[in-house]
J.: 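Following this message is one structure expressed as structure tokens.
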Amino acid sequence: MKILITGGAGFIGSAVIRHLLRDTDHSVVNVDALTYAGNLASLGEVSGDARYAFEHEDICNAEAMARVFATHRPDAVMHLAAESHVDRSIHGPADFLATNLVGTGVLLEAARAYWEGADESCRKSFRFHHVSTDEVYGDLEGPEGLFTESTPYAPSSPYSATKAGSDHLVRAWHRTFGLPVLVTNCSNNYGPYHFPEKLIPLMILNARAGKPLPVYGDGQQVRDWLYVEDHARALVRVLEAGRVGETYNIGGHNECTNLAVVETICDLLEELTYERPESVARYRDLITYVQDRPGHDLRYAIDAGKIEQELGWRPVETFESGLRKTVQWYLDNDDWVEGVTSGAYREWTARHYGDA
Ligand code: NAD
Ligand code: DAU
């Protein structure tokens, strides 16, 4: 297949592209606007591959999307482009409304026009795979219960509300126009090339620099962590074998409180680094409780039974093995971190944490 991937320069999109070019025969057209979160450095190892092409375009631009479909004539779309950070959506929702809602609508219309004009065999095999999040379900109260594919939507933040809206758009284009869609909703990813505004890379890099580790509220919120390469394999499995019109939840069965995640990162750094910053006796001493995120979801946890039973996908990494690999990757890849933490990112952290 020739797969048109939106958001391929981001954290998960780049993992999907590396997986596709390393482990399959598919080819890739990466459509990315290169926002602060998009970094071509994450695709260094595949950018010279003859099966890889890059289109620097914004998914909100209808003309550009029509041109991309006409030029590349893809067999499938994997739609990952989004504004993805909850805290940013609280500080300024406008970009989330534009990309996650309007951009998804524009992309659906471009895909529909292309699909309606295609020959019969292409119309039959074409897929539009929308990559979404478990945050559309809101949060779970208490330690029991899991999100299933039929859990009602109850998003809490501007980010998750716009992702929920985009899921509805995709399903409406299937029901009304017959566009062959697939939807996946995944839990929290972590791993290499994760932008350092998100919990795990932020904590690793702050600890190394001897900066405070800002835990929101009491740190007892629970997330269900999945190694990004396991997510990438799940997405390709769904694209290749998922049933049209269906939704698949994806998760790693790795529930952990935020505080426990941060403490484990500190312990791994004690083990894996030779020296600490001068002022730091123990990395755990850097843990600092800060004001909670407004509307903070308490607990996410995924029932991944459907994708496991129907498509035979299972995660390879445990949280222990994946987190160890991740910490080691950040210790070994200063150049990537330096490259992505531009002036604009430093301004954001200064505004958000009052600490440049
Ligand atoms: P990310 O923020 O790392 O990357 C997003 C990418 O989209 C970037 O390369 C950015 O340049 C691009 N982009 C943004 N706006 C664009 C636009 N208007 N036009 C074209 N490109 C644009 O995000 P991520 O963490 O890799 O997440 C990818 C997708 O997976 C998102 O849809 C997100 O909602 C979903 N998701 C993420 C997680 C997670 O834990 N990170 C979990 C479940 C689902
Ligand atoms: O569940 C899937 C979602 O996971 C994705 O859809 C989002 O794109 C992705 O960003 C992620 O959302 P979260 O809000 O869960 O991730 P984040 O890394 O921002 O925060 C994880 C938890 O850690 C959350 O409970 C907030 C907390 N946190 C976060 C930061 C950045 C802190 O305590 N301190 C911090 O500095």
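Just follow the structure's listing: the first ligand is 1, and inside any ligand the first atom is 1.
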J.: Suppose we measure from atom 1 (P) of ligand 1 to each protein heavy atom; which comes out shortest, and what is that distance?
T.: S84 OG, 3.6 Å

J.: Are the side chain of E263 and the backbone N or O of R284 linked by a donor-acceptor pair below 3.5 Å?
T.: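 No: the side chain of E263 does not pair with the backbone of R284.
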
J.: Any nitrogen or oxygen of G10, side chain or backbone, less than 3.5 Å from one on ligand 1?
T.: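 In this structure, G10 places an N or O atom under 3.5 Å from an N or O of ligand 1.
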
J.: Check each atom of ligand 1 against the heavy atoms of E57 and keep those under 4.0 Å away; list them by number with element.
T.: 19 (N), 20 (C)

J.: Which residue supplies the protein heavy atom nearest to atom 20 (C) of ligand 1, what is that atom called, and how far is it?
T.: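 Nearest protein contact, heavy atoms only, for atom 20 (C) of ligand 1 is A33 N, 3.2 Å.
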
J.: Looking only at distance, does N189 have an N or O less than 3.5 Å from an N or O of ligand 1?
T.: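 Yes.
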
J.: Will you find, in the side chains of Y190 and N254, an N or O donor that is under 3.5 Å from an N or O acceptor?
T.: no

J.: Which of parallel (below 30°), tilted (30 to 60°) and perpendicular (above 60°) describes Y159 and F96?
T.: perpendicular

J.: Between Y193 and W329, does the ring centre distance come in under 6.0 Å?
T.: yes

J.: Are any side-chain N or O atoms of K211 and backbone N or O atoms of L286, one a donor and one an acceptor, separated by less than 3.5 Å?
T.: no

J.: Between V290 and ligand 2, which residue portion shows a heavy-atom distance shorter than 4.0 Å: side chain, backbone, both, or neither?
T.: neither

J.: Out of all atoms in ligand 1, which are within 4.0 Å of some heavy atom of A9? Include the element for each.
T.: 9 (O)

J.: Taking the side chain as everything from C-beta on, heavy atoms only, tell me whether H174 gets closer than 4.5 Å to H130.
T.: no

J.: S187 near ligand 1, heavy-atom distance under 4.0 Å?
T.: yes

J.: Could you list the atoms of ligand 2 found under 4.0 angstrom from a heavy atom of T133?
T.: 1 (O), 2 (C), 3 (C), 5 (C), 6 (O)

J.: For atom 11 (O) of ligand 1, which protein heavy atom lies nearest, and how many Å away is it?
T.: D32 OD1, 2.6 Å

J.: In terms of heavy-atom contacts, does CG of D332 have more than 12 from other residues, nucleotides or ligands at under 6.0 Å?
T.: yes

J.: Distance-only, no hydrogens or angles: does the N185 side chain make a donor-acceptor pair with backbone N or O of S132 under 3.5 Å?
T.: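 Not a single qualifying donor-acceptor pair exists.
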
J.: Check each of H296, Q221, E197, R299 against atom 25 (O) of ligand 2 and report the one with the nearest heavy atom.
T.: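 Minimum heavy-atom distance to atom 25 (O) of ligand 2 goes to H296.
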
J.: Are the side chains of Q221 and D139 in touch, meaning some heavy atoms are under 4.5 Å apart?
T.: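 Not in contact.
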
J.: Numbering the atoms of ligand 2 from 1, which are under 4.0 Å from a heavy atom of V86?
T.: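 Ligand 2 atoms under the 4.0 Å threshold to V86: 14 (O).
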
J.: Report the nearest protein non-hydrogen atom to atom 19 (N) of ligand 1: residue, atom name, distance rounded to 0.1 Å.
T.: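 For this ligand atom, the closest protein heavy atom is I59 N, 3.0 Å.
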
J.: Short list, please: which atoms of ligand 1 are under 4.0 Å from a heavy atom of N188?
T.: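 By the 4.0 Å cutoff, the relevant atoms are 40 (O).
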
J.: Looking only at N/O atoms, are D297 and ligand 2 under 3.5 Å apart anywhere?
T.: no

J.: Under 3.5 Å between some N or O of ligand 1 and some N or O of G8?
T.: no

J.: Using a 6.0 Å cut-off, check whether atom CZ of R175 has over 12 heavy atoms from anything other than its own residue.
T.: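 No.
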
J.: What I'd like to find out is whether the side chain of F319 reaches to under 4.5 Å of the side chain of T264, using heavy atoms alone.
T.: no

J.: Does the Lys NZ or Arg CZ of R237 fall within the cation-pi geometry relative to Y248 - under 6.0 Å from the ring centre and within 45° of the axis?
T.: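 Not flagged: R237 not positioned over aromatic ring of Y248.
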
J.: What I'd like to find out is whether the side chain of K325 reaches to under 4.5 Å of the side chain of S321, using heavy atoms alone.
T.: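 With C-beta onward as the side chain, the pair stays apart.
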
J.: Classify the angle between the aromatic ring planes of Y330 and W336 as parallel (below 30°), tilted (30 to 60°) or perpendicular (above 60°).
T.: perpendicular

J.: Counting heavy atoms not belonging to E320, are there more than 12 under 6.0 Å from its CD?
T.: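 For E320, atom CD is not crowded (no more than 12 foreign heavy atoms under 6.0 Å).
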
J.: Quick test: of every protein heavy atom, which one is nearest to atom 25 (O) of ligand 1, and how far off is it to 0.1 Å?
T.: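 For atom 25 (O) of ligand 1, the nearest protein heavy atom is F11 CD2, 3.8 Å.
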
J.: Considering the heavy atoms of P214, write down every atom of ligand 2 situated less than 4.0 Å from one of them.
T.: 32 (C), 33 (O), 34 (N), 35 (C), 36 (O)

J.: Just need the protein heavy atom nearest to atom 32 (O) of ligand 1, so name the residue and atom and give the distance.
T.: K163 NZ, 2.6 Å

J.: Would you say ligand 1 has an N or O under 3.5 Å from any N or O of I12?
T.: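 Yes; at least one N/O pair falls below 3.5 Å.
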
J.: When only distance counts, is E83 in polar contact with ligand 1, meaning an N/O pair under 3.5 Å?
T.: no

J.: Compute the ring centroids of H85 and F195, then answer whether they are less than 6.0 Å apart.
T.: no

J.: Report, in ascending order of atom number, the atoms of ligand 1 lying under 4.0 Å from any heavy atom of S132.
T.: 43 (C), 44 (C)

J.: Is D87 in polar range of ligand 2, meaning some N or O pair under 3.5 Å apart?
T.: no

J.: Run the numbers for me: atoms of ligand 1, each under 4.0 Å from some heavy atom of G38, listed by number.
T.: 8 (C), 9 (O), 11 (O)

J.: May I ask which of R293, R223, K198, K163 has a heavy atom nearer to atom 19 (O) of ligand 2 than the others do?
T.: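 Minimum heavy-atom distance to atom 19 (O) of ligand 2 goes to R293.
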
J.: For atom 22 (C) of ligand 1, what is the nearest protein heavy atom, given as residue, atom name and distance?
T.: A81 CB, 3.7 Å

J.: Just jot down the ligand 1 atoms closer than 4.0 angstrom to any heavy atom of V131, in number order.
T.: 30 (O), 32 (O)

J.: Can you list the ligand 2 atoms lying under 4.0 Å from a non-hydrogen atom of V215?
T.: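 Near V215, meaning under 4.0 Å from one of its heavy atoms, ligand 2 has 33 (O).
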
J.: Need the ligand 2 atom indices (1-based, order shown) with element for anything under 4.0 Å from a heavy-atom of D134.
T.: 1 (O), 2 (C)

J.: Hey, looking at atom 14 (C) of ligand 1, which of G7, G251, A82 has the closest heavy atom?
T.: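 That would be A82.
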
J.: Between the side chains of K306 and T247, is a donor N or O closer than 3.5 angstrom to an acceptor N or O?
T.: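 Result is no, nothing qualifies.
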
J.: Distance under 4.0 Å to a non-hydrogen atom of C186: what atoms of ligand 1 satisfy this?
T.: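 Result: 42 (C), 43 (C).
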
J.: If we only count N/O pairs under 3.5 Å, is T99 in contact with ligand 1?
T.: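 Such a contact does occur with ligand 1.
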
J.: Please determine if R208 and D334 form a salt bridge, counting it only when a charged side-chain N lies under 4.0 Å from a carboxylate O.
T.: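 Yes, R208 and D334 are salt-bridged.
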
J.: Output yes when a side-chain donor or acceptor of R299 lies under 3.5 Å from a complementary backbone atom of G145, and no otherwise.
T.: yes

J.: Could you tell me whether the side chains of H19 and T24 share a donor-acceptor contact shorter than 3.5 Å?
T.: no

J.: With a 4.0 Å cut-off on heavy atoms, does D58 reach ligand 1?
T.: yes

J.: With no hydrogens and no angle check, is any side-chain donor or acceptor of T104 less than 3.5 Å from a backbone partner on S166?
T.: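 A pair under 3.5 Å: no.
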
J.: Using a 4.0 Å heavy-atom cut-off, say whether N188 meets ligand 2 through its side chain, its backbone, both or neither.
T.: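 It is both parts that get close, each with some atom under 4.0 Å.
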
J.: Would you say the side-chain atoms of R51 pair up with the backbone N or O of V46, donor to acceptor, closer than 3.5 Å?
T.: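 Not a single qualifying donor-acceptor pair exists.
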
J.: Which of these, Y159, Y190, Y300, has its nearest heavy atom closest to atom 5 (C) of ligand 2?
T.: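 Of the listed residues, Y159 has the closest heavy atom.
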
J.: Please state which part of L34 comes within less than 4.0 Å of ligand 1, counting heavy atoms only: side chain, backbone, both or neither.
T.: backbone

J.: Under 3.5 Å between any N/O of N39 and any N/O of ligand 1: does that happen in this structure?
T.: no

J.: Is ligand 2 under 4.0 Å from a heavy atom in the side chain of N258, in the backbone, in both, or in neither?
T.: side chain

J.: So, does Y159 sit close enough to ligand 1 that a heavy atom of it is under 4.0 Å from the ligand?
T.: yes

J.: Any salt bridge between R112 and E109, counting N to O under 4.0 Å?
T.: yes

J.: Ignoring hydrogens, just give me the one of T35, V31, L80 whose non-hydrogen atom is nearest atom 13 (N) of ligand 1.
T.: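 Going through T35, V31, L80 one by one, T35 has the nearest heavy atom to atom 13 (N) of ligand 1.
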
J.: Determine, considering heavy atoms only, which of S84, A37, S187 sits nearest to atom 8 (O) of ligand 2.
T.: S84

